[in-house]
Amino acid sequence: MSQAPPDDDTRAPGRPPGRHAARRGGQLVVGLVLYAASIALLVRAGLGAMPWDVLTQGVTRVTGWSFGTVTVVLSVVVLACWVPLRQRPGIGTLANVLVIGALIDPFLALADLLPEPLPLAARGLLVVLGVAVNGLATALYVGARLGPGPRDGLMTGLVARTGRPVRLVRGTIEVVVVAAGWALGGTVGVGTLAYALAIGPLVHVLLPRLTVPDDR
């Protein structure tokens, strides 16, 4: 995931400290809600989920647990991996686990109200919409600067500990989780590829515009 740009303190003289707090919190919540919605869109399209969601689908098939439950469990497992990496969660990290985990199942239930079977063109539209919404959601919650999501923190922690480039570390992680998810029955397809190719450029464009300045 693209990293936030350097701090840009644009606070006007005389404004009270912490004036960005409300924006941070609101932006975080909106970003996480949209993130859960984007997951549901891609899953409902049935043309391949996002890399980590391929793994979630696979574990769901094996365990019979709901998608949201598996998302929370995997998030907790990933957070445990932060300990040896000396990563520290923020309020945004915990919100990421709770909000997304709580909303995925309801959003999937809503997506299931769409007619079945969906025409291929409609499924393709869901993929495009899901990727676009996810790019916006990622820029919103990362730009709030209240802590990375569990999976982002794993990536940045490994980058810090190994000294390897972000693209290499992220790519390796995603190849591993996609392979494991596919082996367990998760869906890999053009949606997975579209996400992998488009999410970086989308976040790169949106993140600088949505990053909240520090309160200094």
To the nearest 0.5 Å, what is the distance between [atom1] ([X]) and [atom2] ([Y])?
X	Y	atom1	atom2	value
Leu146	Leu28	CG	CG	5.5 Å
Gln57	Thr187	CD	OG1	4.0 Å
Arg209	Leu140	CZ	CG	13.5 Å
Leu74	Thr60	CG	OG1	8.0 Å
Thr56	Met50	OG1	CE	9.5 Å
Leu136	Ser38	CG	OG	9.5 Å

Which atoms form the tightest heavy-atom contact between [X] and [Y], and what is the distance?
X	Y	answer
Pro213	Arg23	CD-NH1, 3.9 Å
Pro84	Ala80	CD-O, 3.7 Å
Thr71	Ile104	OG1-CD1, 3.6 Å
Ala180	Leu55	CB-CD1, 4.0 Å
Ala198	Val131	CB-CG1, 3.8 Å
Ser66	Thr69	OG-OG1, 2.9 Å

Between [X] and [Y], is any pair of side-chain heavy atoms under 4.5 Å apart?
X	Y	value
Gln27	Val212	yes
Asn96	Leu32	yes
Leu126	Leu47	no
Arg86	Arg161	yes
Tyr141	Val29	no
Val190	Val127	no
Met155	Pro150	no
Leu158	Ile173	yes

*Between Glu174 and Arg151, is a salt bridge (charged side-chain N to carboxylate O under 4.0 Å, His left out) present by the stated rule, with each step listed?*
CA-CA 10 Å; Glu174 293 188 347; Arg151 295 151 184 80; over 6 Å; no

_Does atom CZ (Arg61) have a neighbourhood of more than 12 heavy atoms from anything else shown, all under 6.0 Å?_
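Check fails, neighbour count at 12 or below.
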
Short side-chain to backbone donor-acceptor contact, [X] and [Y], under 3.5 Å:
X	Y	value
Arg24	Ala144	yes
Arg164	Val169	no
Thr63	Val59	yes
Thr211	Leu207	yes
Asp105	Gly68	yes

Membership question, hydrophobic clusters at under 4.5 Å side-chain separation (ILVMFWY): are [Y] and [X] in the same one?
X	Y	result
Trp52	Leu41	no
Leu103	Leu94	no
Leu110	Tyr35	yes
Leu210	Val99	no
Val62	Val73	yes

*For Val72, which of Val77, Leu98, Val97 qualifies under side-chain contact (heavy atoms from CB on, under 4.5 Å)?*
Val97

*Apply the test side chain to side chain contact (heavy atoms under 4.5 Å, CB included) to residues Asp53 and Leu42: give CA-CA distance (whole Å), side-chain angles for both, the deciding distance (0.1 Å), then the verdict.*
CA-CA 9 Å; Asp53 295 330; Leu42 281 163; over 6 Å; no

*Check side chain to side chain contact (heavy atoms under 4.5 Å, CB included) between Trp82 and all other residues, then give those that pass, not counting sequence neighbours.*
Val78, Leu79, Gln87, Pro89, Thr93, Pro148, Leu154

_Does Phe107 form a side chain to side chain contact (heavy atoms under 4.5 Å, CB included) with Ile39? I'd like the steps, not just the answer._
CA-CA 9 Å; Phe107 276 131; Ile39 292 173; over 6 Å; no

*Check step by step if side chain to side chain contact (heavy atoms under 4.5 Å, CB included) holds for Leu114 and Arg44.*
CA-CA 9 Å; Leu114 294 171; Arg44 181 64 182 84; 4.0 Å; yes

